[in-house]
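As structure tokens, the structure follows; a few thoughts come after it.
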There are 2 protein chains.
Amino acid sequence: METTRLEGHLRDRLADCCEEDVDARIEELSALSGSVPDEERGDLSALSVLSDGTRYRLARYLAAAEGELCVCELTELVAVSESATSHALSDLAGAGLVTRRKDGQWRYYDATERTERLLGALDATRGER
Amino acid sequence: METTRLEGHLRDRLADCCEEDVDARIEELSALSGSVPDEERGDLSALSVLSDGTRYRLARYLAAAEGELCVCELTELVAVSESATSHALSDLAGAGLVTRRKDGQWRYYDATERTERLLGALDATRGER
DNA sequence: CGGCTATCTGAATGGTTGTTCAAGTATACA
DNA sequence: TGTATACTTGAACAACCATTCAGATAGCCG
């Protein structure tokens with residue numbers, strides 16, 4: 001780890017500093033590098049996909065509905081073209097946020113656990129600083 | 001609610017359909033419109049801000065660290081310029097994902113409950129479809 | 001088969017965004 | 001007061017993205 005300026009900060013903050021204190025802190029910080037999970041990419045795609053208004057609303061509707069909804073029902077609920085809805089649902093499915101089931105000419109979608117937990121996390125932390 | 005094609009679907013799916021069944025289903029769908037919270041905008045900005053690799057990693061480090069971390073510690077951990085780190089932290093603060101405390105010439109950041117819950121939701125739903 | 005319906009896919013495009021560079025605060029210290 | 005350090009802010013530019021339009025696929029029914 002590059003530690004030019006960081007060491008200055010640590011020496012300053014750890015006041016009566018011995019080399020060991022600084023080294024210990026640097027060790028702590030190095031350990032933090034491991035706190036980013038291997039599935040970072042999957043996490044980012046889930047967040048990114050949910051962060052679009054259309055897809056967010058589709059996810060909300062699917063999470064709120066009792067069971068599955070089909071594309072034409074969903075298209076009624078969001079205010080974009082059918083093609084945009086299809087693109088959006090495809091992105092959601094690709095990120096593991098919804099399931100897709102084919103039944104004759106209809107295609108049914110439903111929210112996954114991952115979607116429900118993410119939306120739940122947002123709902124649980126409203127109006128905090 | 002516009003219901004040209006939707007009604008066709010409903011009639012088809014509700015098999016021996018009476019007008020009441022269709023109307024009831026349309027009523028159900030209308031009720032779903034209310035399932036999008038007023039804070040949609042805040043939710044979207046939180047998700048959008050977290051969906052960038054740099055900001056995601058900063059959030060992870062802050063959530064994993066025992067207490068606060070200062071900018072120069074964080075800059076060591078992510079592989080971008082100090083300016084980019086500052087921009088990223090500013091965005092995180094704006095979305096309510098981190099807190100900011102000034103102490104002399106140092107600036108300390110920490111993860112909020114919202115960040116911890118969102119990351120927790122991701123961690124809890126690994127490897128499911 | 002042939003027409004109809006539901007949904008998907010690809011290309012094009014206007015708008016958004018993350019990074020860096022350069023300059024600006026603000027605090028510490030001599 | 002002057003210099004150094006820590007961090008922020010603004011502008012600029014390349015890269016990315018959501019939508020739409022047009023055309024494709026696939027199941028249903030006569």
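Residue numbers start from 1 in every chain, and the chains themselves are labelled A, B, ... in the order their sequence lines are given, proteins ahead of strands.
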With sequence neighbours excluded, residues passing salt bridge (charged side-chain N to carboxylate O under 4.0 Å, His left out) with Glu116(B): none

Leu89(A) CG to dT19(D) C1', straight-line distance once rounded to whole Å: 15 Å

Side chain of Arg100(A) - closest among dT19(D), dT9(D), dT9(C): dT9(C)

For Glu39(B), side chain to side chain donor-acceptor pair (under 3.5 Å) partners two or more places apart: none

Asp52(A): partners by side chain to side chain donor-acceptor pair (under 3.5 Å), with sequence neighbours left out: none

Residues in side chain to side chain contact (heavy atoms under 4.5 Å, CB included) contact with Ala64(B), at least two apart in sequence or another chain: Leu32(A), Ser35(A)

Listed pairs, N/O of protein and of nucleotides 10-13 of chain D, under 3.5 Å:
unit_1, atom_1, unit_2, atom_2, d
dG10(D), O6, His87(B), NE2, 3.0

Residues that Arg101(A) engages under salt bridge (charged side-chain N to carboxylate O under 4.0 Å, His left out), provided they are two or more places apart: Glu68(A)

Partner residues of Leu44(B) under the side chain to side chain contact (heavy atoms under 4.5 Å, CB included) criterion, sequence neighbours left out: Tyr56(A), Glu40(B)

Identify each atom pair where a protein N or O and an N or O of nucleotides 23-27 of chain D are less than 3.5 Å apart, giving names and distance.
none

Non-hydrogen atoms of Ala88(A) and Arg55(A) that approach each other most closely: CB-CG, 3.6 Å

Presence of Ser81(B) side-chain N/O under 4.0 Å of dT19(C) phosphate oxygens OP1/OP2: no

Short side-chain N/O contact to dT8(D) OP1/OP2 from Tyr109(B), under 4.0 Å: yes

Non-neighbouring partners of Ser90(A) that pass side chain to side chain contact (heavy atoms under 4.5 Å, CB included), sequence neighbours left out: Arg100(A)

Selection: residues 41-60 of chain B, any non-hydrogen atom under 4.0 Å of DNA chain C: Asp52(B), Thr54(B), Arg55(B)

Which atom of Ala93(B) lies closest to which atom of Val98(B), heavy atoms considered: N-CG2, 3.5 Å

Candidate nucleotides dT9(C), dC7(D), dT8(D), ranked by approach to the side chain of Trp106(B) - the nearest: dC7(D)

Counterpart residues, side chain to side chain donor-acceptor pair (under 3.5 Å), relative to Asp123(A) (two or more places apart): Arg60(A), Arg126(A)

Under the side chain to side chain donor-acceptor pair (under 3.5 Å) test, residues paired with Arg107(B) that sit two or more places apart: none

